[in-house]
Amino acid sequence: MTENPYTPAVLAWYERNARDLPWRRPEATPWEILVSEIMLQQTPVTRVLPAWQAWVQRWPTPADLAAEAPGEAVRMWNRLGYPRRALNLHACATAIVERHSGQVPASREELLALPGIGSYTSAAVASFAFGQRHAILDTNVRRVLARAETGVEYPPKAQTKAEVELAEALLPPEPAVAVRWGVAVMELGALVCTARSPKCVDCPIIDQCAWTLAGRPAHDGPPRRGQSYAGTDRQVRGRLLAVLRESPGPVAKPALDRVWDEPVQRERALDALVSDGLVDPLDDGTYALPGATPVAGDPG
DNA sequence: GAACCGTGGTC
DNA sequence: TGACCAAGGTT
């Protein structure tokens with residue numbers, strides 16, 4: 001494919017239908033955009049909005065966050081889910097201060113080297129914060145391309161090289177247009193070309209959609225099974241961490257034991273939290289959110 | 001490549 | 001009501 005047949009219609013649709021999200025405003029800083037992208041990993045926009053507002057107000061720059069204990073980031077994360085992301089964001093802030101003079105790096109390679117930033121997030125920050133031309137391939141874009149181009153209801157479970165090549169082939173040549181295109185396709189997937197009950201009547205490219213032209217065949221293949229949650233270690237970890245978040249100080253072991261009856265699984269989950277750096281076991285046998293890392297030679 | 005990692009909303 | 005889904009990344 002040498003030309004993207006969707007560009008004008010999708011961009012025009014975005015002009016009229018884009019949500020006014022604060023991290024999309026022109027005055028949003030690269031740090032604010034980076035924070036939004038980490039928060040939006042597997043978490044819906046509606047839940048991210050208030051958390052993002054509070055976060056960037058408290059820590060307007062990487063240096064502000066780096067100056068705090070990582071446990072403060074975990075506490076501030078509240079119930080957004082996947083709390084390792086809070087730790088990652090704190091580690092990002094520290095790395096940005098130490099390696100990049102406090103400025104979010106602009107290159108995709110440097111972004112990829114930051115903790116918790118992978119293929120999608122590096123492309124998103126380089127594109128949305130720095131105006132660079134990169135293929136944006138998130139769950140929304142993958143679904144739009146699966147339908148419009150491949151003619152199937154859902155993309156494969158794992159991202160393929162073919163999807164990356166398709167997304168790159170569709171990228172408009174001008175960087176400024178490519179940036180707009182990326183966010184526009186994501187928005188189309190989020191608002192119209194949704195996973196369940198897509199609003200095809202509102203779709204700006206319905207006339208060119210391979211899936212629609214094929215009669216919108218149902219998903220073919222094994223069921224796309226979501227991960228179970230009830231009874232898993234993840235549920236136990238969530239309960240344990242909730243106790244620590246809601247306590248202003250260290251928590252005694254019996255208070256943690258109360259969240260789950262089965263002792264083997266409970267201990268395994270707690271050990272894993274400690275191993276992940278989300279929980280600090282203190283010398284007196286109590287547990288706390290992670291404190292500041294002691295600096296070698298620091299007399300304090 | 002598959003499993004794992006939280007939480008809440010939707011139909 | 002339970003299965004599915006949400007701007008993924010790491011191991």
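All chains are named by letter (A, B, ...) in the order of the sequence lines, taking the proteins before the strands, and each is independently numbered beginning at 1. Every heavy atom of this structure was used, including side-chain atoms; hydrogens, water molecules and symmetry mates were not. Computed from a predicted model, the values in this text were never measured in an experiment.
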Legend entry - Along DNA chain B (nearest heavy atom to each residue), the more 5'-positioned of A:Y82 and A:Q159: A:Q159
Legend entry - Which residue lies more 5' along DNA chain B, comparing A:R234 with A:S197 via nearest heavy atoms: A:R234
Inset, instruction - Using a strict cut-off of less than 4.0 Å between a Lys/Arg side-chain nitrogen and an Asp/Glu carboxylate oxygen, indicate whether A:R24 and A:E187 qualify as a salt bridge. - result: yes
Inset, instruction - Answer yes or no: is there an ion pair linking A:R180 with A:E15, defined by an N-O contact shorter than 4.0 Å? - result: yes
Take atom [atom1] of [X] and atom [atom2] of [N], then tell me their distance rounded to the nearest Å.
| X | N | atom1 | atom2 | value |
| --- | --- | --- | --- | --- |
| A:L87 | C:dT10 | CG | C1' | 14 Å |
| A:R239 | B:dC5 | CZ | P | 15 Å |
| A:L80 | C:dA7 | CG | P | 14 Å |
| A:L191 | B:dT10 | CG | P | 15 Å |
| A:K157 | C:dA6 | NZ | P | 12 Å |
| A:D276 | B:dG6 | CG | C1' | 13 Å |
| A:W52 | C:dA7 | CH2 | C1' | 15 Å |
| A:R85 | B:dT7 | CZ | P | 10 Å |

Compare side-chain N and O positions of [X] against OP1 and OP2 of [N] and report whether any pair is under 4.0 Å apart.
| X | N | answer |
| --- | --- | --- |
| A:R79 | B:dG6 | no |
| A:Y120 | C:dG9 | no |
| A:R245 | B:dT7 | yes |
| A:R24 | C:dA7 | no |

Inset, instruction - Could you check A:S119 against A:T194 and say which one's nearest nucleotide on DNA chain C is further toward the 5' end? - result: A:T194
Using a heavy-atom cut-off of under 4.0 Å over every strand shown, decide if [X] touches base, sugar-phosphate, or nothing.
| X | result |
| --- | --- |
| A:G81 | base |
| A:R142 | nothing |
| A:F128 | nothing |
| A:A158 | nothing |
| A:L21 | base |

Verify the distance criterion only: is there a donor paired with an acceptor across the side chains of [X] and [Y] at less than 3.5 Å?
| X | Y | value |
| --- | --- | --- |
| A:R143 | A:T194 | no |
| A:E110 | A:S107 | yes |
| A:W59 | A:E68 | yes |
| A:R216 | A:T212 | yes |
| A:Q265 | A:D233 | yes |
| A:Y120 | A:Q159 | no |

Legend entry - Sub-4.0 Å heavy-atom contacts from residues 36-51 of chain A onto DNA chain B, ordered by number: A:Q42, A:T43, A:R47
If I pick the [atom1] atom on [M] and the same atom on [N], what distance separates them, to the nearest angstrom?
| N | M | atom1 | result |
| --- | --- | --- | --- |
| C:dT11 | B:dG1 | C1' | 11 Å |
| C:dA7 | B:dA3 | P | 23 Å |
| C:dT1 | B:dG8 | C1' | 15 Å |

Inset, instruction - Check if the side chain of A:R196 and the base of C:dC5 share a donor-acceptor pair of N or O atoms closer than 3.5 Å. - result: no
Inset, instruction - Side-chain contact test, heavy atoms from C-beta onward, threshold under 4.5 Å: evaluate it for A:W77 versus A:R245 and give yes or no. - result: no
